[in-house]
**Q** 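Take a look at this one; I'll ask things after.
In what follows, chains carry the letters A, B, and so on, assigned in the order in which the sequence lines appear, proteins first and then strands, with residues in each chain numbered from 1. Given the structure is predicted, the values throughout are model-derived calculations rather than measurements. All values below come from the heavy atoms of this structure, side chains included, with hydrogens, waters and symmetry mates left out.
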Number of protein chains: 2
Amino acid sequence: MSAENMFSHKRLPSMDTKSKILNAAEAAIVKGGYGAFSFRDIAEEVGIKSASVHYHYPTKADLVVAVMVRFTHDFQAALPDPNTPDFDAKRTLNAFIDGFRAQNVEHHNMSICTMLTADKHQLSDVVSQSLADFYQVKLDWLTSVFKRLEGGTETAAQNRAGQFIAALHGASVLVQATGEPAWYEKVASSWRQPAD
Amino acid sequence: MSAENMFSHKRLPSMDTKSKILNAAEAAIVKGGYGAFSFRDIAEEVGIKSASVHYHYPTKADLVVAVMVRFTHDFQAALPDPNTPDFDAKRTLNAFIDGFRAQNVEHHNMSICTMLTADKHQLSDVVSQSLADFYQVKLDWLTSVFKRLEGGTETAAQNRAGQFIAALHGASVLVQATGEPAWYEKVASSWRQPAD
DNA sequence: TTACACCTATCAAGTGATAGGTAGTCTCTC
DNA sequence: GAGAGACTACCTATCACTTGATAGGTGTAA
């Protein structure tokens with residue numbers, strides 16, 4: 001999978017109900033977090049009744065876990081493998097920066113993981129775990145990328161991965177809070193890799 | 001005001017009702033955001049009835065704006081002036097990093113501004129504005145600090161301020177999401193200033 | 001006939017907000 | 001200095017509404 005496709009795992013308009021529910025829930029979480037959407041909101045978006053949403057996902061925790069599991073899976077599937085000979089670390093990192101902006105900043109949103117993290121105190125353990133799992137996947141992959149990019153120890157690469165994630169997430173907070181999308185590039189620019 | 005006191009604007013235990021309400025609301029927002037607390041929660045915390053909270057702050061928007069206005073005011077009052085001769089930029093920046101950790105990370109919370117930013121889609125305009133105002137105060141001050149610290153153009157210092165804020169906020173997201181407080185220092189370490 | 005995917009109807013709990021009452025205190029006037 | 005009025009800071013009670021969740025019915029397809 002090419003680096004440009006990392007964030008472009010779009011869904012087709014016509015899908016089964018379960019997927020439509022997950023799509024609606026994912027969009028709702030991105031927009032307002034865990035507490036800001038209801039089963040009725042999701043139901044209306046999908047075109048069914050709220051009881052039918054409960055049929056597919058009995059509780060809200062079930063629903064949100066399912067969203068995070070799918071999100072993590074799709075995210076992971078879209079990432080190029082840093083352990084292949086033709087892996088281009090610089091291009092991949094730049095593509096990641098662009099992808100993050102395209103998915104979050106340009107849609108005037110924060111990432112689904114930042115939103116759920118903010119709501120962590122009201123999440124059940126299963127949901128918290130699915131969130132932590134996603135961050136682990138992301139951190140592990142970025143650690144490999146930075147190891148390819150800069151060499152050094154595992155710990156050093158891990159720290160760089162954390163700093164990188166923090167920068168992008170923090171940048172999207174800044175954009176949201178100030179309403180000035182330009183902040184994203186100002187923050188991300190220090191992480192952009194020059195072309196060979 | 002010394003750099004060490006930037007984040008230590010603590011309230012005394014006995015205060016008037018209005019302040020108690022603001023204290024309770026601030027703590028509640030930090031814990032769960034805009035949607036995760038009710039007038040009844042605040043009332044119980046303060047020891048009055050919910051109608052009495054409405055007496056002091058008619059609507060939820062009024063209450064949250066008051067919280068942010070007080071927070072911004074106290075924050076601003078606690079910042080040392082970067083335009084004095086004896087201003088120590090290095091020490092101030094390190095103290096800021098420590099203060100941010102003490103107030104947020106060590107309490108297993110994210111900052112009140114990150115929380116409200118995540119809820120931005122459900123905030124009324126006045127609340128959004130009070131949030132944006134706070135970020136402006138913070139960015140302006142940090143811009144001055146970085147100008148003292150590194151020199152360069154206004155724009156360069158502004159970018160550095162944004163990168164710095166993003167790093168700290170992103171770090172606290174990472175800490176919350178993973179449950180590993182160590183991430184804060186790993187991210188913040190790259191911003192720490194060596195002693196003279 | 002059985003499983004599936006929906007539905008209607010309803011529940012108890014919690015929400016922000018309002019109306020209107022009450023005790024205490026302050027201030028002005030005679 | 002006593003009484004009247006107004007103001008303050010609470011209260012009880014209630015409103016309309018939304019929430020997550022459940023029970024139980026309906027149609028359809030294998």
**Q** Taking only side-chain nitrogens and oxygens of A/T17, does any of them come within less than 4.0 Å of OP1 or OP2 of C/dC6?
**A** yes
**Q** Report the distance from atom NE2 of B/H54 to atom P of C/dT15, rounded to the nearest whole Å.
**A** 11 Å
**Q** Can you check whether A/Y57's main-chain N or O pairs, donor with acceptor, with A/D62's side chain at less than 3.5 Å?
**A**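 Side chain of A/D62 to backbone of A/Y57, a donor-acceptor pair under 3.5 Å: no, none is there.
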**Q** Who are the ring-ring contact (aromatic ring centres under 6.0 Å, His included) partners of A/Y34, not counting sequence neighbours?
**A**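 Once residues adjacent in sequence are excluded, A/Y34 has no partner under the ring-ring contact (aromatic ring centres under 6.0 Å, His included) criterion.
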**Q** Within the structure provided, determine whether A/L79 and A/V145 are in side-chain contact (heavy-atom separation under 4.5 Å).
**A**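 They are not in contact (no side-chain heavy atoms under 4.5 Å apart), so the answer is no.
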**Q** For B/R192, is there an ion pair with B/D98 - N to carboxylate O distance below 4.0 angstrom?
**A**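 Looking at B/D98 and B/R192, the cut-off is met.
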**Q** Between residues 55-69 of chain B and DNA chain D, which residues have a heavy-atom gap below 4.0 Å?
**A**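 Within this stretch, B/Y55, B/H56 sit under 4.0 Å of the strand.
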**Q** Under 4.0 Å from any atom of DNA chain C, heavy atoms only: list the residues of residues 37-45 of chain B that qualify, in numerical order.
**A**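 Listed by number, they are B/F37, B/S38, B/F39, B/R40.
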**Q** Return the polar atom pairs (N/O with N/O) between nucleotides 27-29 of chain D and the protein under 3.5 Å, or none.
**A**
none

**Q** In chain order, what residues pass the side chain to side chain donor-acceptor pair (under 3.5 Å) check against B/H121, with sequence neighbours excluded?
**A** A/N109
**Q** Could you list the donor-acceptor pairs under 3.5 angstrom formed by side chains in residues 45-52 of chain A, with sequence neighbours left out?
**A**
none

**Q** Spell out, as yes or no, whether a donor-acceptor pair under 3.5 Å connects the side chain of A/R148 to the backbone of A/P82.
**A**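 It does hold such a pair.
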**Q** Quick check: B/W191 with B/F96 (ring centres under 6.0 Å apart)?
**A**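 No, they do not, as the ring centres are separated by 6.0 Å or more.
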**Q** Between C/dA5 atom P and A/I21 atom CD1, what is the distance in whole Å?
**A** 11 Å
**Q** Show, in sequence, the C-alpha distance, side-chain angles and deciding distance for B/S130 and B/D133, and conclude whether the side-chain hydrogen bond (donor to acceptor under 3.5 Å, both in side chains) test is met.
**A** CA-CA 5 Å; B/S130 69; B/D133 289 346; over 6 Å; no
**Q** Do A/D140 and A/T143 have side-chain N/O donor and acceptor atoms under 3.5 Å apart?
**A**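 Not at all, the side chains of A/D140 and A/T143 share no donor-acceptor pair under 3.5 Å.
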**Q** Between the protein and nucleotides 19-24 of chain C, which nitrogen or oxygen pairs come in under 3.5 angstrom?
**A**
none

**Q** So does A/S38 get a backbone contact from the side chain of A/D41, meaning a donor-acceptor N/O pair under 3.5 Å?
**A** yes
**Q** Could you tell me which non-hydrogen atom of B/G162 sits nearest to which non-hydrogen atom of A/W183, and how far apart they are?
**A**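 What the structure gives for the nearest pair is CA-CZ3, 3.6 Å.
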**Q** Got a sec? Which of residues 113-127 of chain B come in under 4.0 Å of DNA chain C, heavy atoms?
**A** none
**Q** Counting heavy atoms not belonging to B/E44, are there more than 12 under 6.0 Å from its CD?
**A**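 Not more than 12 within 6.0 Å, no.
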**Q** Does any N or O in the side chain of A/H107 come within less than 3.5 Å of the main-chain N or O of A/A102, such that one atom is a donor and the other an acceptor?
**A**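 Yes; at least one donor-acceptor contact below 3.5 Å.
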**Q** For the helix from C/dT1-D/dA30 to C/dC30-D/dG1, what angle separates the axis at the start from the axis at the finish, each from five pairs, in steps of 10°?
**A** 10°
**Q** With sequence neighbours excluded, what pairs up with A/Y135 under the ring-ring contact (aromatic ring centres under 6.0 Å, His included) test?
**A** A/H169
**Q** List the residues meeting ring-ring contact (aromatic ring centres under 6.0 Å, His included) with A/H56, not counting sequence neighbours, and say none if there are none.
**A**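 Result, ring-ring contact (aromatic ring centres under 6.0 Å, His included) vs A/H56: none returned.
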**Q** List in chain and number order the residues that pass ring-ring contact (aromatic ring centres under 6.0 Å, His included) with B/F37, two or more places apart in sequence or in another chain; answer none if no residue qualifies.
**A** none
**Q** For B/K186, does its backbone N or O pair with a side-chain atom of A/Q163 as donor and acceptor, under 3.5 Å?
**A**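 Yes; at least one donor-acceptor contact below 3.5 Å.
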